[in-house]
There are 4 protein chains.
Amino acid sequence: MSLNSFGHVFRVTTWGESHGPALGAVVDGCPPGVALDEAALQLWLDRRKPGQSRYVTQRREPDAVEILSGVFEGQSTGTPIQLLIRNADQRSKDYSEIAKTFRPGHADIAYWQKYGIRDYRGGGRSSARETAARVAAGGVARAALAALAPGLEIRGYMTRIGPHAIDRARFDAAAIDGNPFWCPDPQAAEDWAAYLDALRKSGDSAGAVIEVVASGVPPGLGAPVYGKLDTDLAAAMMSINAVKGVEIGEGMAAAELTGSQNADEIFMGNDGKPVYSSNHAGGVLGGISTGQDVVVRFAVKPTSSILTPRRTVTLSGEATEIVTKGRHDPCVGIRAVPVGEAMMACVLLDHLLLDRAQTGGARGPIG
Amino acid sequence: MSLNSFGHVFRVTTWGESHGPALGAVVDGCPPGVALDEAALQLWLDRRKPGQSRYVTQRREPDAVEILSGVFEGQSTGTPIQLLIRNADQRSKDYSEIAKTFRPGHADIAYWQKYGIRDYRGGGRSSARETAARVAAGGVARAALAALAPGLEIRGYMTRIGPHAIDRARFDAAAIDGNPFWCPDPQAAEDWAAYLDALRKSGDSAGAVIEVVASGVPPGLGAPVYGKLDTDLAAAMMSINAVKGVEIGEGMAAAELTGSQNADEIFMGNDGKPVYSSNHAGGVLGGISTGQDVVVRFAVKPTSSILTPRRTVTLSGEATEIVTKGRHDPCVGIRAVPVGEAMMACVLLDHLLLDRAQTGGARGPIG
Amino acid sequence: MSLNSFGHVFRVTTWGESHGPALGAVVDGCPPGVALDEAALQLWLDRRKPGQSRYVTQRREPDAVEILSGVFEGQSTGTPIQLLIRNADQRSKDYSEIAKTFRPGHADIAYWQKYGIRDYRGGGRSSARETAARVAAGGVARAALAALAPGLEIRGYMTRIGPHAIDRARFDAAAIDGNPFWCPDPQAAEDWAAYLDALRKSGDSAGAVIEVVASGVPPGLGAPVYGKLDTDLAAAMMSINAVKGVEIGEGMAAAELTGSQNADEIFMGNDGKPVYSSNHAGGVLGGISTGQDVVVRFAVKPTSSILTPRRTVTLSGEATEIVTKGRHDPCVGIRAVPVGEAMMACVLLDHLLLDRAQTGGARGPIG
Amino acid sequence: MSLNSFGHVFRVTTWGESHGPALGAVVDGCPPGVALDEAALQLWLDRRKPGQSRYVTQRREPDAVEILSGVFEGQSTGTPIQLLIRNADQRSKDYSEIAKTFRPGHADIAYWQKYGIRDYRGGGRSSARETAARVAAGGVARAALAALAPGLEIRGYMTRIGPHAIDRARFDAAAIDGNPFWCPDPQAAEDWAAYLDALRKSGDSAGAVIEVVASGVPPGLGAPVYGKLDTDLAAAMMSINAVKGVEIGEGMAAAELTGSQNADEIFMGNDGKPVYSSNHAGGVLGGISTGQDVVVRFAVKPTSSILTPRRTVTLSGEATEIVTKGRHDPCVGIRAVPVGEAMMACVLLDHLLLDRAQTGGARGPIG
C-alpha cells in the first residue's frame, strides 16, 4: 500500500480530483476471464451516487463509468482495467470563498502545509468524490469473487447516526434497501430522518457508524504478521475519507470482556466444517479468516463543510470565521456504505489471490 | 506492507517463532549516521520483557538484542540492520497437550486451516513474542527520529483494563512509570491490580485499551489516499497480536458528534504556527499530520490461553474441552504498550522519510 | 516493480491496449510545484510518434496527451497525474487474419497460454503502443528533474541497425537529430537507410542497439543490493517491448577486460570533485552513481510481424504459414530511442527521491 | 524490488557485511509443506564456497547455514525463514591500508559519497560475500520448485573468461562439474586455467560470462509490462556484484538478425504442446515463458581488488596509488555461477506463485 495504490496482487490505483475533468481507477492483477461490463459496475456506482435523497449532497453527478482497457468481448483479459468517471457538475464558483480560508476539520490546511499548492476549487484528492473510483474498482473485485468464491456475499449498513444507534433486536436485513440510510432497523431510520432534517436546518452535520459483513468467506485468507486480513481491512477502511475508527468483530468493546467471555467455542458442523458458538472474533483469528462472517465496523466523522460559523485563519494567517456553503453531505457516512462494501470486496479478493499464490488454496483438514 | 514486512521506505521485516531458537527483525532503509548500539535498543526491550510483574507471563526471557549488521563504530551505515533476539526459556513441554487441540479464540485453528502445518509448541508467529522484534525495530526508528525530528516524543499508556477505565480528570503523565500497568491514573492502577488478581485466581484474562501519543510531530507527514498517516497507523496497530479496534483522535465516538462540535477551530500561535482549539482529529487531517499531537488508541482482546475450560475440537474433529496451562499473560494488553509506541515510531519515521522524498520537507507557509 | 507499475516512490502505472479506445499512465509520487502542462509532454511524445518516416509504422496516431488530474494552474500538486492518450487509427480489420494464428516471435502464443483470452485485434499490452504512455510519464520525470537536478541531461541515440554499427570515431552529437534514426554517425545513417529500404522491400525487419546517456547525474543515487541504480535501469530497459539485452558501461565486453584495464582511475578535479580516467563502469559503482555519465545500452530484436512467410500453428493446433500484413515497424528500435530516454528519466528521478528520503541528499566529502 | 529485498510474493531480504559477525537472508512467502533442512541448503552453499581452487579467493569460510525460523519438523510452515551464515575468517587486518584510499572500479567511493560512512574493513554490502545469502535463499526456492514444478531444472556454467570463449560445438553438459570453472567445454577449461595462472602471477584479474538455463519451465510465467519474466531476470542478474550486462536468449546479438532469422517457428509436438524450430527468444515472449528453455546470460567484470598499482585518491583528496593485497578472486565470475542459478530459482518460483495467484495456473489450450 503506497500513496494512491492499494492491495498486494489485486492492486487498485485511484486518481483524480473533485473539480478536475475526471477521476478513476486502474485495476491491476484482475484474473482473466471474469465476466465484466460497464452495466455491471454501474449498479454499484448508482448506490453511491450523490443527490439520491435530501440527506446527501445535492451535487448532480451521473457517475457513469467507462471501461477503457483490460476488458475484451465482455471478459477481463488479465491486463490493467482503466475505469474512468467524468466529473459533470463541478460548479467551481461555490468554492470561491474557501480558496484562501482553511475549513476547520478539513484537509485544506494539511494539504497546504505539505504541498504548498492545492486545488482550492474543492477538496481535490481529499474529496469524497474519490470514493467513486473505489466503488468502481470494488465492482471489478465483486465480479471476480463471484467466479472464484461463489456464495461469498458482502453487505453493508449503518448502525448509528449521531446519538442514535440501531437496536440489534430489531435487525432486519430485508429493511436495508427500504430507506435512504441503508438502515436494518426501520424504527431507527425514522429517528435518523427526523434528526438529520433538524441538523440540516441548523446548518450542521452528523457522524455515523457503518458495519460491513462478508459471509461465505473461505477459511485461510490473510497471513501473519503485517499481511493479516484484519490489518488490511483496517487500512482499507481507515483510508476512506473521514473515517476515524475501525473495529473487527467485538472491536473496542473486546477490551471489556474476559477471556472466557471472548472465546468463541468450537464445534464440528454436520458438513465437517467447524462451527462456533459466537463470533466475537469477527471471522478472523491470528489475521486469518476462519470461515465465519467477517465483520468490520468503522466510524465516519461529521462533514466539516458546514453552515455553522467556525473560527479559523486565512492563508495569510489572519483570524476569520468561515461558513461553508457549497453542496455538502449532512451525513457523509450514508454514502460510505457502498464504499465500505467495495473496500471489503477488494481486500477479500486480494487475499484470496495471495492465498492461492502461497498455498494453492489447499486447506488443512479437520476431522 | 506485505506478509512479514512493514513500511514503505523505512521497512521492517520480522521473523521467528515463540519456540524456535531465535527471532528478530531486519530494518532496511535506515538513514546513515544514526547513533546506535545494543544498549540503546535494550532499554526499549526491557520495557516489554516478560516476567516483570505478576500481571504478565512468567516466562523468563532476557530478550537481549544483538546487532548483526548495518552498524559500524556506533553509527548506522544505511545498510540493513539485523536485530537478533534468542529465545531462552521455550519450555516446550508446557504446550504438549495443545498440540492436537485448538484453543478457542486463538490462531491455532486458522493457521492449521491455511497452512496444514503449524509449530504446535506455541503460538509460532502468532505469539506475542513476535512483538519483541517490533520493539527492537522501533528502537532504531526512535534513534533516527531523535536525529531528524528533535523534540518529537512518543508516549504510550493504558486507559482501560476490562470494565475499568481511567478517569481523564486524574491524568498524570508522571504516574505512568510508577505502576506495572503504564497507567496515568494512580487510582485506576489500584483498581486494576485488584481486578487482575481476582481474574488470575479464577484462571481468566482481561482485555485492555492502550493510547499512544506523539507530540512534536512535524506537519505534512502522510499522503492521500492509501498512504495516509492514519491508514498506516491503523494497519500498524491492527497488526499487533490480539488487537481488535483502532481509533485516531475522537475515534468511534466521532460518530456521535455534530460537525460543529467536531471541528477543531484554528488560530495563529505566537510562533507563527497554527494552533487549534481542540484535537478531535487526533493530529491528522486528510491523512496528513497537522503538527498537533498524533493520538492513536487500540483495544487488545483478553488472552485466549486461559485456565477456564472451553469447548473445542481436536485435529481429528472430536469434541473436547481445553484448559490452557502454560505461562500466559492475564492481560496481554500491558506489554502491548511499548509495542504500540514502537509501531508509532516506525510509522512516523517512515512517513518523515517519504515526505522528504516527495516534498524535500519544504512546507507551505501560513501567514 | 509489479505487473503494470514501475518505480519505488516515483511510481508509474501504465494501462491500455493497442486497439482499445485509449491508453495512458498514472504517475504517482511526483513532487509538488513542478511546472507542467500538456504542451511540455507533447514535445516528447512527438519524438516517438509513428508515421514520421518510411522506416517506422505508417499507423497514423496523433498521440495527443491529456492531463486529467494532478496538475493545477500549471503546476503538479503532488497527487496522481493521469495522462490519457486516445487511440485514433486502430483499423482493426488489418489484424483479422491473425486472430486465430500465432505469429512466430510474437507474444500472441504466450498471452494465449497464460490468460486463455487475448485481444486479437492487435498486440494488446504487448504492442509498442504501450510505450507512448512511458514517454508521457518520462516527460513528467524530466520536468521534475529539471527542477531538482538542473544540469542533468538525457540523450539517446542508435548505435547499430542489423549488421551496421556506428563508428565511434565519427560520433557527432549534433548529428543525432539530423536523420530519421537518431544516429550520431551521419555515414552510418546513410548505410542504415539503404539497408532498411532493401529489407522493407523484401518484407523483412531489422534489430537495433540503442544507447542512452545521462550526464550531470548527482553522485549517490542507487542503493545496495536489490535497489541498485543499474538493477533498476536493467529492469526498466528490459521491460520495453522486444528488448533482449541490457548493458551498463562496458557491458558484456567487460568480460573481456582485465582488472587493470577495467579500473577507472580516480583523480581530484579542480572543482574538488573526483574525475576519472575512463568510464568503463558506466557511471555506476556498487549500484550507486558516481557523478560520471550514466551509460546504458540495449538491444531491440527485429519486429516479428513481417511479410516473409513463417511456419506456425493455429489456435486449434493446425500447422500453417503466416504472413503479417498490417502496418509494422521495419525497425522498431528506432522508436525505442525516446522510450529509453523516458525510462532513464523515470529511474533517475525515482532514485533521486529515494536518496533524498534516506540520506537527505547530504554527501560524504572528499578532500 | 526495493533496496535489500527482491521478489513479489516469494520475497527475499538479505542483510550483513563481509566483515561483520554474520550475514543472511529472510525468505518470506515460501509455500508451506516444502521439505527443507540445513543439509539441503548446504549443498548449494558448498558450490559457492571460497577457497575451493586456486582460481578463487583463499578466504576460508565454511559458509555453514543455520535455519532459525519458518521450518518445523523438516517442513516449511509458510512463515518467514531466517537463514544465518556466520563469518568465520574476517581477518580485518588485511584491509587496514584501504581504509582511507578508494579502490578504482570498486564501490568504496560511491558508498562514501552516498552515506558518508562505510565499513572500511571490507566491501561491506558490496562484497561478494552477500551472495552467500542469495544462494541459501535460492536453495529454498529450489526445494519449493521441486514440489510445485517437478521436472524443472536449472543449470549454470561459464561461457567465457577474458578473451577465451567456449566453442559451442564442444558443449558437454557432463563436463560442467569436472573442472573448477563450471565449464562445459573441457578444452576451454584448460585454456582458462593457463590464462588465469598467468594473470594471478601478474597480480591482475579477469572478467567472465555466465549462462544459466532453466528447462521444464511451465508456460505462462511472467506478466506484462513491468512484471515481465525477463524484466525480473534482468534485475536479478544485474543486482549481483560486478555484473555489467544481461542477455535473454539471443541477447545483444538479436540486433544483428533480421525478423525472418529471429522468428522461432512453431509446430505442434506429439504431446500436444507447441515446439519451436529454434530458441532465439530464450524461452520468453512478451515477458511470458513459452515452455522452451529459459536462457539468461550475464557478464561479470574483472575484480577491482588487484595487485597491479592503480592511481586513485584518498579520503582527504590526495592523489596516490593503490595496490590491493587481501585475498581476492582472480576471476569472481567463477563463484557467480551458483549465484546466477540461485537468482533464476528465486525469480521462477516467484513468478510461478504470482501466476498461480492471478490465473490459478490454468492454461489456454492449443489444439
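Because the structure is a prediction, the values reported are computed rather than measured. Within every chain, numbering begins at 1; the chains are lettered A, B, ... in the order of the sequence lines, protein sequences first and strands thereafter.
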Enquirer: Of the backbone (N, CA, C, O) and the side chain (C-beta and beyond), which part of B:Val300 lies under 4.5 Å from a heavy atom of chain A, both, or neither?
Expert: backbone
Enquirer: Report yes if the side chains of A:Ile109 and B:Tyr276 come closer than 4.5 Å at any heavy-atom pair, otherwise no.
Expert: yes
Enquirer: Under a 4.5 Å heavy-atom cutoff, which of A:Glu256, A:Met237, A:Gln358 has the most pairs with chain B?
Expert: A:Glu256
Enquirer: Flag the pair A:Trp112 / B:Pro219 as yes when at least one side-chain heavy-atom distance between them is below 4.5 Å, and no otherwise.
Expert: no
Enquirer: Can you check side-chain contact (heavy atoms from CB on, under 4.5 Å) on B:Ile288 and A:Tyr115, steps first, answer last?
Expert: CA-CA 11 Å; B:Ile288 297 171; A:Tyr115 298 116; 4.2 Å; yes
Enquirer: I need the A:Leu285 CG to B:Asp108 CG distance, nearest 0.5 Å.
Expert: 9.0 Å
Enquirer: Checking B:Pro274 against chain A: side chain, backbone, both or neither under 4.5 Å from a heavy atom?
Expert: side chain
Enquirer: Under the side-chain contact (heavy atoms from CB on, under 4.5 Å) rule, what do A:Tyr226 and B:Arg134 come out as? Steps first, then yes or no, please.
Expert: CA-CA 11 Å; A:Tyr226 304 109; B:Arg134 301 177 187 234; 3.3 Å; yes
Enquirer: What part of A:Arg125 lies closer than 4.5 angstrom to a heavy atom of chain B: side chain, backbone, both or neither?
Expert: both
Enquirer: Picking from B:Thr308, B:Leu257, B:Val209, which has the most non-hydrogen pairs under 4.5 angstrom with chain A?
Expert: B:Leu257
Enquirer: Can you tell me which of B:His280, B:Lys301, B:Met252, B:Glu250 forms the most heavy-atom pairs within a distance under 4.5 Å of chain A?
Expert: B:Met252
Enquirer: Pick one of side chain, backbone, both or neither for B:His164, based on which atoms fall under 4.5 Å of a heavy atom in chain A.
Expert: neither
Enquirer: Under a 4.5 Å heavy-atom cutoff, which of A:Thr13, A:Asn241, A:Val296, A:Asp355 has the most pairs with chain B?
Expert: A:Asp355
Enquirer: Judged by atom type as modelled, is there a donor-acceptor pair below 3.5 Å linking the side chain of B:Lys114 to the main-chain atoms of A:Arg363?
Expert: no
Enquirer: Please report the shortest heavy-atom distance between B:Leu3 and A:Ala223, naming the atom on each side.
Expert: CD2-CB, 3.4 Å
Enquirer: Measuring heavy-atom distances to chain A, does B:Ile240 have an atom under 4.5 Å in its side chain, in its backbone, in both, or in neither?
Expert: backbone
Enquirer: Indicate the atoms forming the closest heavy-atom contact of B:Asn4 with A:Val225, along with that distance.
Expert: OD1-N, 3.2 Å
Enquirer: So, for A:Val284 and B:Lys244, which heavy atoms are closest and what is the spacing to 0.1 Å?
Expert: O-NZ, 3.5 Å
Enquirer: Sort B:Met343 into side chain, backbone, both or neither according to what part of it lies under 4.5 angstrom from a heavy atom of chain A.
Expert: side chain
Enquirer: As an exercise: rank B:Ala263, B:Gly361, B:Gly249, B:Pro104 by heavy-atom pairs under 4.5 Å with chain A and give me the winner.
Expert: B:Pro104
Enquirer: Tell me, for A:Asp264 versus chain B, whether the close heavy atoms (under 4.5 Å) come from the side chain, the backbone, both or neither.
Expert: backbone
Enquirer: Is it the side chain or the backbone of A:Ser277 that comes within 4.5 Å of chain B heavy atoms, both, or neither?
Expert: neither
Enquirer: Heavy atoms only, distances under 4.5 angstrom: which of B:Gly259, B:Gly286, B:Ala208, B:Gly105 has the most pairs with chain A? Name it, please.
Expert: B:Gly259
Enquirer: Please rank A:Ile306, A:Thr312, A:Val12, A:Asp204 by heavy-atom pairs under 4.5 Å with chain B and give me the top one.
Expert: A:Asp204
Enquirer: Return the minimal non-hydrogen interatomic distance between A:Ala255 and B:Ala299, and the atom names on each side.
Expert: CB-CB, 4.2 Å
Enquirer: Could you tell me which portion of B:Ala362 (side chain, backbone, both or neither) has an atom closer than 4.5 angstrom to a non-hydrogen atom of chain A?
Expert: backbone
Enquirer: What part of B:Thr320 lies closer than 4.5 angstrom to a heavy atom of chain A: side chain, backbone, both or neither?
Expert: neither
Enquirer: Considering only heavy atoms, which portion of B:Glu130 lies under 4.5 Å from any heavy atom of chain A: side chain, backbone, both, or neither?
Expert: side chain
Enquirer: If I compare all heavy atoms of B:Lys228 with all of A:Ser239, which pair ends up nearest, and what's the gap?
Expert: NZ-O, 2.7 Å
Enquirer: Chain A heavy atoms under 4.5 Å from B:Thr359: which part of the residue, side chain, backbone, both or neither?
Expert: side chain
Enquirer: So which atom in B:Arg310 and which in A:Ser260 form the shortest heavy-atom distance, rounded to 0.1 Å?
Expert: NH1-O, 2.9 Å
Enquirer: If you tally heavy-atom pairs under 4.5 Å against chain A, which of B:Arg311, B:Met238, B:Met268 wins?
Expert: B:Arg311
Enquirer: What I'd like to find out is whether the side chain of A:Leu315 reaches to under 4.5 Å of the side chain of B:Ile366, using heavy atoms alone.
Expert: no
Enquirer: Do you know which of B:Ala253, B:Pro224, B:Pro218 has the most heavy-atom pairs with chain A at a distance under 4.5 angstrom?
Expert: B:Pro224
